[in-house]
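Source: prediction; values computed, not measured.
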Amino acid sequence: MAVVPPISLSTTFKQVAPGKHAGFEYSRSGNPTRNCLEKAVAALDGAKYCMAFASGLATTMTIAHLLKSGDGIICMNDVYGGTNRYFRRVGSEMGLQTRFIDCTSLKCLREAIKPNTKLVWIETPTNPMMNVIDIKACAELVHKHGDIIMVVDNTFMSPYFQRPLALGADICMYSATKYMNGHSDVVMGLASTNRDDLYQKLKFLQNAIGAVPSPFDCFLCNRGLKTLSLRMRQHFKNALAVAQFLEADPRVEKVFFPGLPSHPQYKLTKQQCTGTSGMISFLIKGNLENAKIFLENLKIFCLAESLGGYESLAEHPAIMTHASVPVEERMVLGISDTLIRLSVGLEDVEDIIEDIHQALKVAHPNVVTSPI
């Protein structure tokens, strides 16, 4: 047997007799390379089942197809812009009724649950404000109200730092494009579950809708998983050093990083996670122009959307990843013109900090700072 799972590019598979196959018949329905990846992710999540999809949003779309017109969804208000857009502009056209609330408050969540509520969708930490939600408490509350499916988007943490199914979630999903693959060369989504009924429904939808990844992308993601633990530990180490630097810098107004003791949910983070990823958001002092100057003068950091790769990325949520969120909602959430999101990569941490320091110096040339 091969040490490295081979790439099976075949679209179809020979049958020994009509309707009798050896486990695979057509690659949309199932593929050996995809099967290897799904088994690996299921093991990481502590799940019985995992399914791979063409993207994170393809995963979201497939999960939404578990519902019918008139069903209600409760979604965390501070959420990935694509998720917000899907529920608001696509799901609504299908008759799904979505309410965006602050799920860090169990009181808000309790009051939002209605007779037609069928799904609760949370991210933790949230994108981009890095709020942390108590998964176990939310799951216990949600499951007291009947057969409501609770989904946790675990993209920011990966199973290395957080395992939502063990805390009571029904489905754990990822944009595998990010930390799971880790190399910024695959677009993919994943969903894991321990529930037989949800697996059967999602497996049917995976095939019936057909939003599946290619075997080659599955091979790449499976390869990325081999270094997940090494990468996540280094992301955490680098990000913590960057967050501490930013918090002490006079050119920075506020830092949002769950690994800092100053984070409002730091204690909760320590309880339900074994670490944090490389994601940091912060408010630069000044205005939009200061934020733009900072971003345009980074040298190691690349100004780009996405996150979770080996390379350091920086972006402006209000203009880039969350531009589709209505302005008034962005203001309520704190996604202002001076908010910057960093995906801290695996480069030498001294080089990373020096890059941030020199870009801040250009953005605020008159501010005197201590040598780093």
Side-chain angles (χ1 to χ4, degrees), residues 78-81 104 123-132 156-157 178 235-266 269 275-309 311-323 325 330-345 347 349-370 372:
D78 179 23
V79 71
Y80 166 54
T104 63
E123 283 181 3
T124 181
T126 60
N127 182 4
M129 300 308 298
M130 304 303 295
N131 292 301
V132 177
F156 268 28
M157 280 299 202
K178 290 29 177 217
H235 281 300
F236 179 25
K237 181 179 178 181
N238 284 359
L240 180 59
V242 169
Q244 290 169 337
F245 166 78
L246 288 170
E247 193 169 50
D249 196 287
R251 299 162 293 192
V252 173
E253 184 177 330
K254 189 173 183 180
V255 180
F256 306 92
F257 181 67
L260 286 175
S262 58
H263 190 281
Q265 288 107 24
Y266 176 72
T269 303
T276 60
S277 68
M279 298 308 299
I280 301 172
S281 291
F282 72 96
L283 295 171
I284 189 172
K285 287 185 178 178
N287 52 35
L288 177 59
E289 188 62 23
N290 297 101
K292 284 184 174 181
I293 292 171
F294 170 79
L295 290 167
E296 291 167 0
N297 282 277
L298 290 166
K299 300 186 186 322
I300 291 177
F301 279 83
C302 178
L303 177 58
E305 296 189 6
S306 199
L307 58 104
E311 74 291 344
S312 291
L313 301 176
E315 67 108 3
H316 191 278
I319 296 174
M320 297 168 68
T321 55
H322 290 69
V325 179
R330 292 205 303 264
M331 292 300 99
V332 170
L333 295 172
I335 306 174
S336 68
D337 286 346
T338 57
L339 182 72
I340 292 167
R341 192 188 75 180
L342 303 178
S343 175
V344 179
E347 302 92 345
V349 70
E350 292 183 4
D351 291 341
I352 293 172
I353 292 175
E354 173 57 36
D355 189 32
I356 294 171
H357 173 66
Q358 65 83 24
L360 285 170
K361 188 174 182 179
V362 179
H364 285 288
N366 298 321
V367 178
V368 178
T369 60
S370 303
I372 59 172

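The two residues E315 and T321 have their closest heavy-atom pair at OE2-OG1, 2.8 Å. L240 approaches G259 most closely through the heavy-atom pair CD1-O, 3.7 Å. Among all heavy-atom pairs drawn from M157 and G275, the shortest one is CE-O, 3.5 Å. Contact detail for A291 and H316: the closest heavy-atom pair is CB-CD2, 4.0 Å. Nearest heavy atoms, G278 versus A239: CA-CB, 3.6 Å. Closest of all the heavy-atom pairs between P258 and P125 is CG-CG, 4.1 Å.
Annotation: side chain of F256 is in contact with side chain of L283 (closest heavy-atom distance under 4.5 Å). The shortest side-chain heavy-atom distance between I353 and V242 falls under the 4.5 Å cut-off. Counting heavy atoms from C-beta on, the side chains of I280 and V255 come closer than 4.5 Å. Side-chain contact between F301 and I352 is present, with at least one heavy-atom pair separated by less than 4.5 Å. In this structure the side chain of P264 never reaches within 4.5 angstrom of the side chain of V132, judged on heavy atoms. Counting heavy atoms from C-beta outward, L307 and R341 have side chains that approach closer than 4.5 Å. Using a 4.5 Å cut-off on side-chain heavy atoms (C-beta onward), L333 and T126 make no contact. Within the 4.5 Å cutoff, no side-chain heavy atoms of T338 are placed close to those of N290.
Here N238 contributes atom CG and D351 contributes atom CG; the two are 10.0 Å apart, rounded to the nearest 0.5 Å. We find the CG-CD distance between D337 and E289 to be 11.0 Å, quoted to the nearest 0.5 Å. Separating the CD1 atom in I340 from the OG atom in S281 is a distance of 9.5 Å, to the nearest 0.5 Å. A distance of 8.5 Å separates NE2 in H235 from OG in S312, rounded to the nearest 0.5 Å. Here the CG-CD1 distance, from L288 to I293, works out to 9.5 Å after rounding to the nearest 0.5 Å. Here the OG-CE distance, from S277 to M130, works out to 5.5 Å after rounding to the nearest 0.5 Å.
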Going through the checks in order, is the side chain to side chain contact (heavy atoms under 4.5 Å, CB included) test met by D78 and T104? CA-CA 10 Å; D78 179 23; T104 63; over 6 Å; no
Is there a side chain to side chain contact (heavy atoms under 4.5 Å, CB included) between V367 and L360? Walk through the geometry before answering. CA-CA 9 Å; V367 178; L360 285 170; over 6 Å; no
Going through the distances and angles, do I356 and L246 end up as a side chain to side chain contact (heavy atoms under 4.5 Å, CB included)? CA-CA 9 Å; I356 294 171; L246 288 170; 3.8 Å; yes
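Each salt bridge (charged side-chain N to carboxylate O under 4.0 Å, His left out) pair with one or both residues in residues 353-362, not counting sequence neighbours, would appear here, but there are none. Residue pairs satisfying the salt bridge (charged side-chain N to carboxylate O under 4.0 Å, His left out) criterion with at least one member in residues 247-259, sequence neighbours excluded, are listed as follows: D249-R251.
Judged by distance alone, with hydrogens and angles left aside, the side-chain atoms of E296 form no donor-acceptor pair with the main-chain N or O of L303 at under 3.5 Å. The closest donor-acceptor contact from the side chain of S343 to the backbone of L313 lies at 3.5 Å or more, if one exists at all. One N or O on the side chain of E123 and one on the backbone of N127 form a donor-acceptor pair closer than 3.5 Å. In this structure a side-chain-to-backbone donor-acceptor pair under 3.5 Å is present from K285 to P250.
Under the 30°/60° scheme for interplanar angles, the aromatic rings of F236 and F257 are found to be tilted.
For F294, the ring pair (Phe, Tyr, Trp, His ring centres under 6.0 Å) partners are F282, not counting sequence neighbours.
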